[in-house]
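Numbers restart at 1 for each chain; the letters A, B, ... are given by sequence-line order, proteins then strands.
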Amino acid sequence: MEILKVCLLENKRTKSMKAEKTKIENMKIKEITGEPAIDLALDTIGMNKQALVFVNTKRGAEKCAEDISKKLKIENEETRKILDVLSNQMLNALDRPTKQCMRLANCVSKGIAFHHSGLHSKQRELVEDSFRDGKIKIISATSTLAMGLDLPAFRAIIRDLKRFGHHGMSDIPVLEYLQMCGRAGRPKYDSYGEAIAVASKQGEKDRIISNYMKGEAEDIFSKLAAEPVLRTYVLSLIASNFVSTEKQLKDFFSKTFWAHQYGDMSRIEHMIDKVIDLLEDYEFIMVQGRSDEKVVNKSASRSSDFVSASDVCVGSSGDSSNDSTNATKLRATLLGKRVAELYLDPLTAFHMVKCLNTGSSREKITAFSLLQMVSATLEMRPLLNVRMSEYDLVQEKLVKENDALLMDEPSAFEYDYDEFMNSVKTAMMFDEWIDEKDEEYLLEKYNVRPGELHYKLSNADWLLYASEEIARLLSHQKLLKDLSKLRFRIKYGVKEELLTLLKIPDVGRVRARKLYLSGIKDIAGVKNADLTTLTQLLGKQIALKVKKAVGEDFEKMPVSDGKRKGQLGLGKYE
DNA sequence: GGACGGTGAAACTTCAGGTTGCCTC
DNA sequence: GAAGTTTCACCGTCC
């Protein structure tokens, strides 16, 4: 078991502390830069050990890694070669290196790396693996690295204990602090480890000792208290037939940790009632037998959406209780059942239903209108923020696409107007992605790092899939093709014209575009193209595979390597 | 006199992380 | 709240 040695290092940046020497309990750290976190990292390298430095922003993680790497010189030729190879791998992880890739590659060439959610997953894995191999000595990271990773870090240097939140800068939770400390001295790698928190002044030092080192971890609160979570689970319980009456539903919640913590069951019941009303209004559930039963004006065609009682009710249909809530039967409609299966917040699903109804009555809808529809959901948050300098640009796009939008534009004075504008900007970013703009362009224009981009893209893909499922249930056949095409374009980041070529294995956005620009626009074009042309465009191996995929196996036939002089191989820079 | 570059102050911007579906177009 | 980035005004130099 590891022993945590928890120490404090005073930050000498503060003027009042300047006269004081940097001190750590039982340790002397050589002052090189005056930045405690950096000096500690350098000291760790001097001990031939490894460390993680935890900071509160992605930018901070990058700068910290850069600052440490600037102080290092790799003298051993063999080590330099190993790091150069690694650095090259980091640089070429994407089709085209971004500024972030170059920054990471530079740091890695000195054995230092940064790690945060903005990194591409390939780079993140490479960083973690190289730290385990001992090639990387220091990782400067945000809290991504604090959760559950088993790394051979002798030290966890916690530089920042504050983070920007909903109410400005605030202290990180004690639980998170403990998670960070727990990264040091893992049993597999060290007999003990050191967790070091950096304080900027005496007051902060005392606060860290009392709040974090001697403080107790926070209580855990049930997430059911959050309305989106509650309505999702109420629908889910009904749709999965886990409950079929109001009484069963309330009984279920009365036994949850939420009820235990909240105490006041009558208020909880009131909240559940509100959610039931909402779900009924949305036509995701049917409520029967309630004393104040509402008359919902449903069209005859819509009634076919409901699952029959025998389909959805659990065996309690013969329940003879006299209790009024027990008599109130809850059944999910087909639509409600699917919404629950898709794990969507009912509010999001209802927003989609409204938008898709609007879309189905239109002659034509654009990709942008669907992208804005999914961008305006809770699931897509946090959205890209519209800066003051970008306001005109977003407004211009809005004017241009106004007729295409599927939701109503809120008034500029409404509370959610800013979020609406943000949804337009987020949709603009997706729109540029499917217009074949690459990661570097999107990083420059929208300040979205590759890792965040791919997270947002997979979110958009999920929401578009959910929209497709809802459109299918609503019989909006016309929209199904648009949605499915858009999902494909989001996945690959391509214009519509490349969709056919992407069906060929080993052909992604880059190769498809090369083929298209050379006049090879579809499967027939690939069949008709001679192997030499394909080899010049894609390289020999891929050309053979592509030919094989369209039914022509050249594998055993002799073929001339049609590579032009100076042509690159099938690397990422093609 | 105008273009250009350097400098510093002021204004502005940004700030962690990442479940859930299905496999088809 | 703080750090980093962008913008802008001002000044000096050069042609």
Side-chain angles (χ1 to χ4, degrees), chain A residues 11 13-14 35 54-64 66-67 99 114-119 121 124 141-149 159-173 175-177 179-180 200 204 223 228-229 232-233 235-236 338-346 348-349 374 377-382 384-391 422 444 446-449 451-472 479-492 494 496 498-503:
Chain A
N11 186 334
R13 275 178 296 184
T14 316
E35 283 287 333
F54 289 105
V55 302
N56 60 1
T57 64
K58 293 194 265 274
R59 200 164 54 186
E62 292 178 17
K63 186 162 185 302
C64 179
E66 224 164 32
D67 288 347
K99 248 185 353 197
F114 53 84
H115 188 288
H116 54 59
S117 68
L119 280 190
S121 55
R124 253 199 274 185
T142 56
S143 54
T144 21
L145 216 58
M147 306 300 166
L149 274 175
R159 195 193 72 177
D160 301 323
L161 283 156
K162 281 185 182 295
R163 190 173 43 226
F164 186 85
H166 295 299
H167 311 288
M169 290 300 265
S170 50
D171 289 342
I172 61 165
L175 275 170
E176 202 176 315
Y177 163 81
Q179 277 287 354
M180 291 178 189
S200 60
E204 200 183 340
K223 291 213 165 173
V229 180
T232 302
Y233 281 98
L235 180 61
S236 171
R338 194 71 188 111
V339 167
E341 284 165 358
L342 291 165
Y343 223 80
L344 278 180
D345 175 1
T348 295
V374 294
T377 61
L378 279 179
E379 285 84 345
M380 198 49 104
R381 290 183 187 187
L384 304 185
N385 199 31
V386 180
R387 297 180 209 166
M388 277 169 79
S389 56
E390 292 170 335
Y391 208 83
N422 291 346
E444 282 296 313
Y446 295 96
N447 196 25
V448 178
R449 293 173 166 89
E452 296 157 318
L453 171 70
H454 287 279
Y455 176 70
K456 284 193 187 319
L457 287 172
S458 81
N459 239 353
D461 179 50
W462 162 50
L463 290 166
L464 285 169
Y465 171 77
S467 311
E468 207 181 331
E469 291 296 292
I470 291 174
R472 186 168 287 123
L479 296 175
L480 289 177
K481 209 175 159 195
D482 290 326
L483 282 161
S484 117
K485 216 186 286 171
L486 184 56
R487 281 191 65 208
F488 208 61
R489 291 181 64 194
I490 277 283
K491 189 175 172 191
Y492 287 97
V494 291
E496 203 174 329
L498 295 189
L499 291 182
T500 323
L501 288 172
L502 286 169
K503 288 178 191 165

*What distance separates A:Leu463 CG from A:Ser458 OG, expressed to the nearest 0.5 Å?*
9.5 Å

*Is any NZ, NE, NH1 or NH2 atom of the basic residue among A:Lys162 and A:Glu204 found under 4.0 Å from an Asp or Glu carboxylate oxygen of the other?*
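Salt bridge absent between A:Lys162 and A:Glu204.
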
*Identify whether the distance between the nearest side-chain nitrogen and carboxylate oxygen of A:Arg159 and A:Glu35 falls below 4.0 Å.*
no

*Which parts of nucleotides 19-25 of chain B does protein reach within less than 4.0 Å, heavy atoms only, written one letter per nucleotide 5' to 3' as B for base, S for sugar-phosphate only and - for none?*
BBBS-BB

*Between protein and nucleotides 11-16 of chain B, map the contacts as a letter string: B base, S sugar-phosphate only, - none, heavy atoms under 4.0 Å, written 5' to 3'.*
--SSBB

*Does B:dG8 have a Watson-Crick or wobble mate here (both distances under 3.5 Å), and if so which one?*
C:dC8

_C1'-based separation of B:dG21 from B:dC25 [nearest Å]_ =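 Comparing C1' positions in B:dC25 and B:dG21 gives a spacing of 16 Å.
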
_Taking C:dT5 as the reference, what is the distance to B:dA16 when you measure between their P atoms (whole Å, please)?_
14 Å

_side chain to side chain contact (heavy atoms under 4.5 Å, CB included) between A:Glu469 and A:Glu341, intermediate numbers included_ = CA-CA 11 Å; A:Glu469 291 296 292; A:Glu341 284 165 358; over 6 Å; no

*Below 4.5 Å, heavy atoms only, C-beta onward: do A:Arg449 and A:Leu119 meet side chain to side chain?*
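No, too far: nothing below the 4.5 Å cut-off.
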
_Check: A:Glu379 side chain, A:Leu344 main-chain N or O, donor-acceptor pair, under 3.5 Å_ =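 Judged by distance alone, no pair lies under 3.5 Å.
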
*Look at the side chain of A:Thr57 and the backbone N and O of A:Gly60, then say whether any donor-acceptor pair between them is shorter than 3.5 Å.*
yes

*Measure the distance from CE on A:Met380 to C1' on B:dG18 and round it to the nearest whole Å.*
12 Å

*asked:* Output the rounded distance in Å from CG (A:Asp67) to C1' (C:dA3).
replied: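 Nearest whole value for this atom pair: 13 Å.
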
*Using a heavy-atom cut-off of under 4.0 Å over every strand shown, decide if A:Pro173 touches base, sugar-phosphate, or nothing.*
nothing

*May I ask you to say what A:Lys63 touches in the nucleic acid, namely base, sugar-phosphate or nothing, with a heavy-atom cut-off under 4.0 Å?*
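Sugar-phosphate contact only.
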
*For A:His116, all residues meeting ring-ring contact (aromatic ring centres under 6.0 Å, His included), sequence neighbours excluded*: A:Phe114

